[in-house]
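Hydrogens, waters and symmetry mates play no part in the numbers below; they use all other heavy atoms, side chains included. As the structure is a computational prediction, the values presented were derived from the model and not from experiment.
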Amino acid sequence: TPGEQDALVTQVLGWLCADRPLVLRLEELQWGQDTVRFARSLLGTAGELPVLMIATTDAQGTIDPKLVERADVTELAIGPLQSSDQLILVRELLSLDGTLAERVVHRTSGSPLFAERLVGEWVRREALEVTPSGFALRPGTPEELPDSLHQVWIREIDGLLVGHRPTARIALHVGCALGMEADRQD
């Protein structure tokens with residue numbers, strides 16, 4: 001049951017923070033109602049475990065108001081990175097060459113997740129090559145950049161489905177509609 005799952009994860013966290021405090025990062029909370037439920041459950045044990053929970057959502061993400069309204073929860077609105085900071089991330093952390101880094105910064109509009117996923121897609125497709133100034137797109141790689149993180153995810157899914165029967169996409173859609181838990185009758 002969900003309550004048993006939460007209790008098991010809380011027990012494991014208890015083991016992990018037996019010797020020192022723990023930082024627990026929950027990303028993109030708006031997409032995981034199970035994670036929101038667990039966060040509420042963990043907050044219900046406040047003071048029992050030395051855990052700092054950091055949860056993120058995207059700009060449009062909404063979280064259960066009961067979670068945010070608690071006295072022991074602090075909500076911080078953090079906007080997109082400034083272009084100069086995004087350029088540092090893309091050039092130094094993701095090691096892109098100057099021209100490509102500037103294009104990625106412009107397209108991703110301050111979203112580190114979008115930049116990381118876009119570069120990750122190129123890595124998986126082996127679309128990058130090493131140059132003296134950093135990674136650049138291989139010759140012949142399509143020059144267009146996706147307009148959104150959603151498009152990056154669609155491309156990733158399309159790549160995963162290559163070589164599978166056409167019904168695999170239908171099965172994926174059905175699985176998404178059923179959610180994390182389904183019984184055989186569904």
Side-chain angles (χ1 to χ4, degrees), residues 1-82 85-86 88-90 92-94 104-105 107-121 123-124 146-160 171-186:
T1 68
E4 292 170 330
Q5 291 170 345
D6 294 347
L8 179 61
V9 173
T10 301
Q11 183 178 16
V12 170
L13 291 177
W15 295 334
L16 291 173
C17 63
D19 296 326
R20 63 180 178 266
L22 179 72
V23 176
L24 177 65
R25 184 178 76 192
L26 307 173
E27 293 187 22
E28 301 293 325
L29 208 57
Q30 76 276 6
W31 300 116
Q33 291 308 308
D34 289 340
T35 307
V36 172
R37 185 198 68 242
F38 171 72
R40 279 195 311 263
S41 171
L42 185 60
L43 286 169
T45 66
E48 294 177 29
L49 298 175
V51 175
L52 170 64
M53 182 173 20
I54 300 173
T56 66
T57 67
D58 65 13
Q60 294 80 29
T62 56
I63 300 179
D64 181 352
K66 293 177 185 173
L67 190 62
V68 181
E69 294 170 356
R70 294 177 53 102
D72 55 351
V73 171
T74 302
E75 182 178 16
L76 299 172
I78 301 172
L81 289 177
Q82 297 294 320
D85 295 328
Q86 181 82 342
I88 290 169
L89 171 86
V90 171
E92 294 182 15
L93 185 62
L94 302 178
V104 169
V105 166
R107 183 52 54 99
T108 59
S109 302
S111 171
L113 178 63
F114 188 4
E116 183 271 329
R117 293 295 169 101
L118 177 58
V119 173
E121 178 200 14
V123 168
R124 277 186 292 287
D147 290 328
S148 67
L149 185 56
H150 181 258
Q151 285 184 337
V152 173
W153 288 336
I154 294 298
R155 286 182 181 184
E156 288 181 14
I157 290 170
D158 289 345
L160 291 172
L172 183 61
H173 283 280
V174 170
C176 289
L178 289 172
M180 295 298 290
E181 295 181 24
D183 61 34
R184 293 190 184 276
Q185 293 176 345
D186 290 338

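Residues forming a side chain to side chain contact (heavy atoms under 4.5 Å, CB included) with E69 (at least two apart in sequence, or on another chain): P65. With sequence neighbours excluded, the residues satisfying side chain to side chain contact (heavy atoms under 4.5 Å, CB included) with Q11 are L8, W15. For T35, the side chain to side chain contact (heavy atoms under 4.5 Å, CB included) partners two or more places apart in sequence, or in a different chain, are L26, L29. E116 meets the salt bridge (charged side-chain N to carboxylate O under 4.0 Å, His left out) test with no other residue; sequence neighbours excluded.
Note that OG of S111 is 10.0 Å distant from CG of L89, once rounded to the nearest 0.5 Å. A distance of 9.5 Å separates CD in E121 from CG in D158, rounded to the nearest 0.5 Å. Distance OG1/T57 to CD/E75: 7.5 Å, rounded to 0.5 Å.
Between L42 and L49 the shortest side-chain heavy-atom distance falls below 4.5 Å.
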Please evaluate residues V104 and F114 with respect to the criterion side-chain contact (heavy atoms from CB on, under 4.5 Å), reporting the C-alpha separation (whole Å), side-chain torsions for both, the decisive distance (0.1 Å), and the verdict. CA-CA 9 Å; V104 169; F114 188 4; over 6 Å; no
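Closest non-hydrogen pair, Q86 versus P112, comes out as OE1-N, 3.9 Å.
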Could you give the side-chain donor-acceptor pairs of residues 16-25 under 3.5 Å, partners two or more places apart or in another chain?
residue : atom : partner : partner atom : Å
R25     : NE   : E27     : OE2          : 2.7
R25     : NH2  : E27     : OE2          : 3.0

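Among residue pairs with one or both ends in residues 1-14, those qualifying as salt bridge (Lys or Arg N to Asp or Glu O under 4.0 Å) are D6-R37; sequence neighbours excluded.
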